[in-house]
Amino acid sequence: MKTKVFVFLFLLIVLAGFHTVNDSLFEVPKGWPKPQHDFLKKPLLKETVELGRALFYDQILSRNNSVSCASCHSQYTAFTHVDHALSHGIDDRIGKRNSPALMNLAWQKSFMWDGAVNHIEVQALAPISNPLEMDENISSVVKKLNATVQYQKLFYKAFGDSAITGERTLKAISQFMLTLVSSNSKYDSVMRKETHFNAQENRGYNLFKKHCSSCHTEPLFTNDRFENNGLPVDTSLMDKGRYAITQNPKDSLLFKVPTLRNIEFSYPYMHDGRFKKLSDVLKHYSNGITHSPTLSKELLGPIVMTSEERVDIIAFLLTLTDKTFLFDKRFSYPKTFFSDPAKD
Amino acid sequence: MFNVSDSGATINTTSDLKINVLKYYVSHIRLYSNGTLVAQDPALAHLIDASDTSSSTCIIPVHKNVVYDEIRFDLGIDSTTNVSGVLGGDLDPTKGMYWTWQSGYINFKLEGNAQQCTNSKKEFIFHIGGYAHPYGCIREVSLKTGGASKAIVVLELKTLFDHIQLDKEANIMSPSQSAVSFSKLLQKSFIVKEP
């Protein structure tokens, strides 16, 4: 009888009770679908969310400590880039796309305009590494965090020891982003029967349900799919959207259907920020649709809208503004963290 | 048990081929006896890095008296793991084996210089990965063995270089048909040696 390698591996799980599972960090609003994110497998912890919030607002994530996630995703504009069609990154380099508003990410299957990212936990790798955005790499971020006493403390609180790893850093950023739920607009109050639409908003709502909600489906105002909504290709960018990821011709010019919540503040619009105003968007849908082989079937026939009807739809879209969300202190710049002298 | 030393260090003694990076994932190591599974590796994956000899040993716990005649493992990371969010240890993105612009692990990295390369730096870069249809690049490798308690699995880079044409294609850096073909070559480039 030969003797074999005989090794026992022990997995020691210590439940040290160092963290707080806090339900109020994330709640599914009444009547909303089940989130895509698996909160049972990956529950939110208060301390991890706090760490993630600090990281989200910290320029330490960029090569020369000049750009934070919030530089392109600012709370007051529903976490998008104020006023920039194409986002501006490190050294004023101009990106290739418009930064999307960040909210209700827990319901999303994939991320980015083309779905390049398959899980929220790995999303932050993209901007950190993109030479036009933060131009850094995650190993170097981990080194910088390790050299910061205050982060050692935060990692300790969040993970039970002060080991700072790429996994933990990314996980913490994603936990903060998962808490960004916007569900308290006038539209939501109307749905909860706490208030009413005025006559114009009501007309707009009915028109919206007729023309728009197959893609911008309630209550998230997106069907979380990729569609071609008939935008003519910008020949200088030549962005074919989803095609870049799948290389399937059927995906050419398909982009993720964005939510329309807080749309009042997330201008400019579309993946390249080509429209400054909602009235431009409505003009596009009523007489700007460009036909191409992948155009979504809902837009094959023209959407006939009078100019009054377009104004009504816009009045409805403005009811999707959620001031509670835009000014929620839990999501804002963590002043106390950044004023701690141990931070530098 | 995964030995890369002869590939990483000695093959590049010829002046026209130099290897700078050789890293790859090995996962789901299983031992079989007559086609029946008798032991498997509890670890999710191992990162084998030619520049770090300590990375090349994988220990598989087996029950006493187990005999086996075949080693199987997957070269790369499976699709379930690829869509599970961020992971640690050998799978931590700081290991440099995760694409950043698009989700997914790089299963195999080979970088170096060769005279045949037609680009100005005479450089080749192969980042082979992709988990989604039709460009899935994980490959199962199956090797018959004599069943010794220590097996050395060798990646024969010569077999690989005999089959690729560096003058035609010296760069593969995203999931694609070329990456799939490359992964199939890799699958055939492993042999087992028993000491």
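In this text, all values refer to a predicted model and were calculated from it rather than measured experimentally. Note on naming: letters A, B, ... go to the chains in the order of the sequence lines (proteins, then strands), and numbering restarts at 1 for each one.
Proximity of a side-chain donor or acceptor of A:Asn118 to a complementary backbone N or O of B:Ser103 within less than 3.5 Å is not detected.
For a residue to count as touching a neighbouring chain, one of its non-hydrogen atoms must lie under 4.5 Å from one of that chain's; by this rule A:Val117 touches chain B with backbone and side chain alike. With a 4.5 Å cut-off on non-hydrogen atoms, A:Lys42 touches chain B through its side chain but not through its backbone. Using a 4.5 Å cut-off between heavy atoms, A:Thr169 makes no contact with chain B at all. Within the 4.5 angstrom heavy-atom criterion, no atom of A:Asn130 approaches chain B.
Taking chain B as the reference chain and counting heavy-atom pairs below 4.5 Å, the highest number among A:Ser140, A:Ser129, A:Pro127 is found for A:Ser129. The choice from A:Ile245, A:Ile128, A:Val141 that makes the most heavy-atom pairs within less than 4.5 Å of chain B is A:Ile245. Ranked by heavy-atom pairs under 4.5 Å with chain A, the first of B:Val83, B:Leu91, B:Thr94 is B:Thr94. When B:Trp101, B:Tyr98, B:Trp99 are compared by the number of non-hydrogen pairs under 4.5 Å with chain A, B:Tyr98 comes out ahead.
We find the CD-CD distance between A:Gln247 and B:Gln177 to be 10.0 Å, quoted to the nearest 0.5 Å. Atom-to-atom distance recorded for B:His133:NE2 and A:Thr246:OG1 is 11.0 Å, nearest 0.5 angstrom. Taking CD from B:Gln102 and CG from A:Leu125, the interatomic distance works out to 13.0 Å, rounded to the nearest 0.5 Å.
Residue A:Arg93 places its CZ atom among more than 12 non-hydrogen atoms of other residues, nucleotides or ligands, all under 6.0 Å distant.
Of the options B:Asn82, B:Val86, B:Thr100, a side chain to side chain contact (heavy atoms under 4.5 Å, CB included) to A:Val122 is made by B:Val86 and by none of the others.
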